[in-house]
Amino acid sequence: MNKVFNLLGLMQRAGKLVTGEDLIVKNLKNKKIKLLIIAKDCGANTKKKLEDKSNFYKIENVTFSTVEQISAAIGRDNRVAVGITDDGFIKKFKQLLKEGGRQ
């Protein structure tokens with residue numbers, strides 16, 4: 001999974017990630033987020049809210065990793081979800097997930 005976490009860090013530095021529940025919901029409405037990543041261990045209410053919002057706005061969401069690992073990868077504290085806004089990064093992210101995240 002190292003490659004996937006490195007890619008998340010790169011996306012953060014490139015400004016292609018949206019973090020924070022309120023900003024994520026706002027950007028889902030604006031259709032700026034194209035893929036939503038939700039941590040496996042986030043709270044049930046938060047997970048349901050984010051999944052419902054992304055499904056309502058027809059934006060794909062995936063459950064991936066833990067809050068701790070996602071937060072460490074992007075250099076922020078306590079991030080339960082991140083939204084990716086760039087198609088190229090989304091394509092690479094999905095490819096790395098299929099390959100198991102290592103190369």
Side-chain angles (χ1 to χ4, degrees):
M1 286 296 168
N2 291 341
K3 288 276 187 181
V4 176
F5 293 121
N6 290 341
L7 183 64
L8 283 173
L10 181 61
M11 287 186 239
Q12 176 66 23
R13 291 188 299 279
K16 302 298 181 184
L17 285 185
V18 177
T19 65
E21 191 177 337
D22 293 337
L23 280 175
I24 287 173
V25 170
K26 178 182 172 187
N27 283 284
L28 285 171
K29 288 178 184 176
N30 296 338
K31 305 253 185 200
K32 289 185 179 166
I33 292 176
K34 297 175 180 158
L35 176 68
L36 181 63
I37 302 167
I38 305 170
K40 292 177 188 174
D41 59 346
C42 89
N45 290 339
T46 303
K47 184 173 184 170
K48 181 177 179 353
K49 177 182 177 182
L50 292 173
E51 285 177 343
D52 288 350
K53 288 285 184 189
S54 67
N55 291 335
F56 180 80
Y57 293 108
K58 295 177 177 46
I59 295 175
E60 183 181 359
N61 66 71
V62 295
T63 302
F64 170 75
S65 193
T66 64
V67 172
E68 185 178 324
Q69 290 174 319
I70 291 172
S71 299
I74 65 171
R76 295 284 201 59
D77 289 333
N78 200 29
R79 299 299 164 166
V80 297
V82 293
I84 305 174
T85 60
D86 183 83
D87 291 324
F89 279 128
I90 291 169
K91 183 178 176 185
K92 185 68 175 173
F93 180 80
K94 288 179 177 180
Q95 176 190 342
L96 287 174
L97 282 184
K98 281 183 185 172
E99 296 170 358
R102 297 185 192 275
Q103 274 186 332

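In the hydrophobic clustering of this structure, I74 groups with V4; members are Ile, Leu, Val, Met, Phe, Trp, Tyr whose side-chain heavy atoms approach within less than 4.5 Å, directly or through other members. Both L10 and L97 belong to a single network of hydrophobic side chains, linked directly or stepwise wherever heavy atoms of I, L, V, M, F, W or Y lie under 4.5 Å apart. Taking hydrophobic clusters as Ile, Leu, Val, Met, Phe, Trp and Tyr residues chained together by side-chain heavy-atom distances below 4.5 Å, L35 does not share a cluster with V67.
Counting only heavy atoms from C-beta outward, the side chains of V62 and F93 approach each other to under 4.5 Å. No side-chain heavy atom of E68 sits less than 4.5 Å from a side-chain heavy atom of D41. A heavy-atom distance below 4.5 Å is not found between the side chains of M11 and D86. Between K53 and L50 there is no side-chain heavy-atom pair separated by less than 4.5 Å. The side-chain heavy atoms of K3 and E99, taken from C-beta on, include no pair separated by under 4.5 Å.
Residue-environment remark: CG (N30) exceeds the threshold of 12 foreign heavy atoms within 6.0 Å. Applying the 6.0 Å contact sphere to NZ of K48 captures no more than 12 heavy atoms from other residues, nucleotides or ligands.
Checking I84, L23, L28, V25 one by one against V18, the side chain to side chain contact (heavy atoms under 4.5 Å, CB included) holds for a single residue, L23.
Between E21 and K49 there is a salt bridge, since a side-chain N of the basic residue sits under 4.0 Å from a carboxylate O of the acidic one.
Contact detail for L8 and A73: the closest heavy-atom pair is CB-CB, 4.2 Å. Annotation for R79 and I70: closest pair O-CG2, 4.1 Å, computed over non-hydrogen atoms. Closest of all the heavy-atom pairs between Y57 and K31 is O-NZ, 2.8 Å. Closest of all the heavy-atom pairs between K34 and D87 is CD-OD1, 3.0 Å.
Note that CG of N27 is 11.0 Å distant from NZ of K29, once rounded to the nearest 0.5 Å. For the atom pair L7 CG and Q12 CD, the distance stands at 12.0 Å (nearest 0.5 Å). Distance check, rounded to the nearest 0.5 Å: CD1 of I24 to CD1 of I38 gives 8.0 Å.
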For this session: Kindly determine whether L17 and F89 satisfy side-chain contact (heavy atoms from CB on, under 4.5 Å), including the steps that lead there.
Result: CA-CA 10 Å; L17 285 185; F89 279 128; over 6 Å; no
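With S71 contributing its side chain and N78 its backbone, the two residues share a donor-acceptor pair below 3.5 Å. Remark: side-chain polar atoms of N61 are not paired, donor with acceptor, to backbone N or O of L36 under 3.5 angstrom. Side-chain atoms of K32 never come within 3.5 Å of backbone atoms of T85 as a donor-acceptor pair (strictly under, hydrogens ignored). When atom types are taken as modelled, the side chain of T19 and the backbone of V82 share no donor-acceptor pair closer than 3.5 angstrom.
Note on ring orientation: taking the six-membered ring where Trp is involved, the planes of F5 and F64 are tilted (angle from 30° to 60°).
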